[in-house]
Amino acid sequence: MAALLPVETFDERAKQTIADDRPPAVEVLSAEKVFANGARGLAPIDLAIAEGEFLTLIGPSGCGKSTLLKLIANLIEPSDGRLLWWRGDFAQVGKEGRRLAFVFQEPTLMPWARVEANVRLPLEFANMPRAIADPKVADAIARVGLSAFNRHFPRQLSGGMKMRVSIARALVTNPNLLLMDEPFGALDEFTRNRLDDDLVNLSWERKLTTVFVTHSIYEAVFLSTRIIVMAANPGRIFRVMTIDHPQPRDQGFRDSPQFSAYCRELSTWLAEASLQSAGGGQK
Ligand SMILES: Nc1ncnc2c1ncn2[C@@H]1O[C@H](COP(=O)(O)OP(=O)(O)OP(=O)(O)O)[C@@H](O)[C@H]1O
Ligand SMILES: [Mg+2]
């Protein structure tokens with residue numbers, strides 16, 4: 001079965017470069033993370049993320065997925081090594097064509113504010129005048145299918161709808177790089193599939209570069225152009241799988257034999273990564 005799949009095998013240095021000639025949105029250059037208490041969150045990671053790529057991080061709990069995502073978001077700094085965004089430092093992130101948005105696992109909405117006010121928040125932070133902001137807010141809410149709910153409060157929405165608001169709040173800034181840490185982890189499978197369908201189309205339409213964290217094998221295969229399987233103790237890249245199926249994708253892909261083959265292969269790799277993660281790992 002493995003021979004049928006266009007998978008890349010892991011080389012011993014876990015060094016991953018871009019498969020084609022698209023420019024990198026992010027480069028992680030031998031970046032590692034040792035926390036203040038001495039815990040080694042990440043061994044040196046080398047990873048280049050191409051513009052337009054949908055990259056997913058998957059692996060056992062504690063393997064450093066959130067730590068790597070936070071490094072990419074510049075929410076934390078590497079203890080050694082460095083990162084580049086669009087071939088430069090973080091100071092240029094936020095400029096036109098180089099915007100970044102982060103979606104957390106919890107929707108983190110302001111409970112006292114209506115949907116439209118929650119979505120408008122990042123534009124208010126940027127001091128954008130209401131006349132310019134309002135159509136952008138309406139467009140972002142429409143994109144996640146919540147136009148009929150823009151005057152609702154978060155408590156009047158289901159979990160899936162709150163997550164949609166959270167995604168609209170990320171989209172309203174017109175990001176180029178979208179970072180999502182287990183955004184649909186708390187949702188039922190049906191709702192998760194629907195949001196995945198929307199996300200895969202949206203990222204395609206908007207030419208987003210997306211880095212996504214999940215524990216779901218099905219979600220990883222459905223969404224991704226490339227999947228990074230990580231192992232723990234210390235957190236590191238274990239293997240890389242390229243999902244060679246055109247985007248945007250639909251239910252037809254989920255129902256295909258190719259999809260099942262990818263899922264089986266990924267499941268085997270995850271089991272191996274978990275074994276490698278137990279009892280201190282490789283180094
Ligand atoms: N601020 C911190 N201080 C000390 N250790 C930390 C800190 N943040 C994370 N760690 C440790 O670094 C390792 C990686 O954590 P991280 O949260 O990145 O894992 P994860 O892959 O996102 O796990 P999960 O799937 O459970 O979300 C873990 O061993 C964790 O305990
Ligand atoms: Mg995490």
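Both ligands and their constituent atoms are indexed starting at 1 by order of listing. Numbering starts at 1 and runs along the sequence shown. Because only heavy atoms are used, hydrogens play no part in the values below, and waters and symmetry mates are left out as well, while side chains stay in.
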Between the main-chain N or O of [Y] and the side-chain N or O of [X], is there a donor-acceptor pair closer than 3.5 Å?
X      : Y      : value
Asn150 : Val115 : no
Asn176 : Arg99  : yes
Thr210 : Phe54  : no
Asp181 : Val213 : no
Gln92  : Trp85  : yes
Ser274 : Leu270 : yes

Number the atoms of ligand 1 from 1 as they appear, then name those within less than 4.0 Å of a heavy atom of [X], with their elements.
X      : result
His215 : 25 (O)
Thr67  : 14 (C), 15 (O), 16 (P), 18 (O)
Gly41  : 12 (O)
Asn37  : 4 (C)
Gly64  : 14 (C), 16 (P), 18 (O), 19 (O), 20 (P), 21 (O)

Provide, to 0.1 Å, the distance between [atom] and the closest protein heavy atom, together with that atom's residue and name.
atom                    : result
atom 29 (O) of ligand 1 : Gly62 O, 3.8 Å
atom 26 (O) of ligand 1 : Ser61 OG, 2.5 Å
atom 17 (O) of ligand 1 : Ser66 CB, 3.8 Å
atom 27 (O) of ligand 1 : Glu182 OE2, 3.7 Å
atom 12 (O) of ligand 1 : Phe35 CE1, 3.4 Å

Ring pair (Phe, Tyr, Trp, His ring centres under 6.0 Å) involving Phe153 - partner list, sequence neighbours excluded: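 Per chain and number, Phe153 pairs via ring pair (Phe, Tyr, Trp, His ring centres under 6.0 Å) with no residue.
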For residues 126-135, please give each side-chain donor-acceptor pair under 3.5 Å, one per line with the distance, not counting sequence neighbours.
| residue | atom | partner | partner atom | Å |
| --- | --- | --- | --- | --- |
| Arg130 | NE | Asp134 | OD1 | 3.2 |
| Asp134 | OD1 | Arg120 | NE | 3.3 |

Can you classify the ring geometry of Phe259 versus Tyr218 as parallel (below 30°), tilted (30 to 60°) or perpendicular (above 60°)?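 Aromatic pair Phe259/Tyr218 classed parallel.
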As a test of the contact definition, would atom 6 (C) of ligand 1 count as having a protein heavy-atom neighbour under 4.0 Å?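 Protein heavy atom within 4.0 Å of atom 6 (C) of ligand 1: present.
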Atom 3 (N) of ligand 1 within contact range, any protein heavy atom under 4.0 Å: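 Looking at atom 3 (N) of ligand 1, one finds that a protein heavy atom does lie closer than 4.0 Å.
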Look at ligand 1 and say whether [X] reaches it with a heavy atom at a distance under 4.0 Å.
X     : result
Cys63 : yes
Lys70 : no
Lys33 : no

Using a distance-only test with no angle check, is there a side-chain donor-acceptor pair under 3.5 angstrom linking Asn201 and Glu205?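 Side-chain D/A pair, Asn201 to Glu205: absent.
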Leu178/Arg206 under side-chain contact (heavy atoms from CB on, under 4.5 Å): CA gap, chis, key distance, verdict: CA-CA 11 Å; Leu178 183 61; Arg206 290 218 171 179; over 6 Å; no
With Thr209, which residues qualify under side-chain hydrogen bond (donor to acceptor under 3.5 Å, both in side chains), at least two apart?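 None.
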For residues Trp86 and Glu51, determine if any side-chain heavy atom of one lies less than 4.5 Å from a side-chain heavy atom of the other.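 Trp86 reaches Glu51 side chain to side chain.
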The Mg ion (ligand 2) neighbourhood, protein N/O/S only, threshold under 2.8 Å: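 Atoms qualifying: Ser66 OG.
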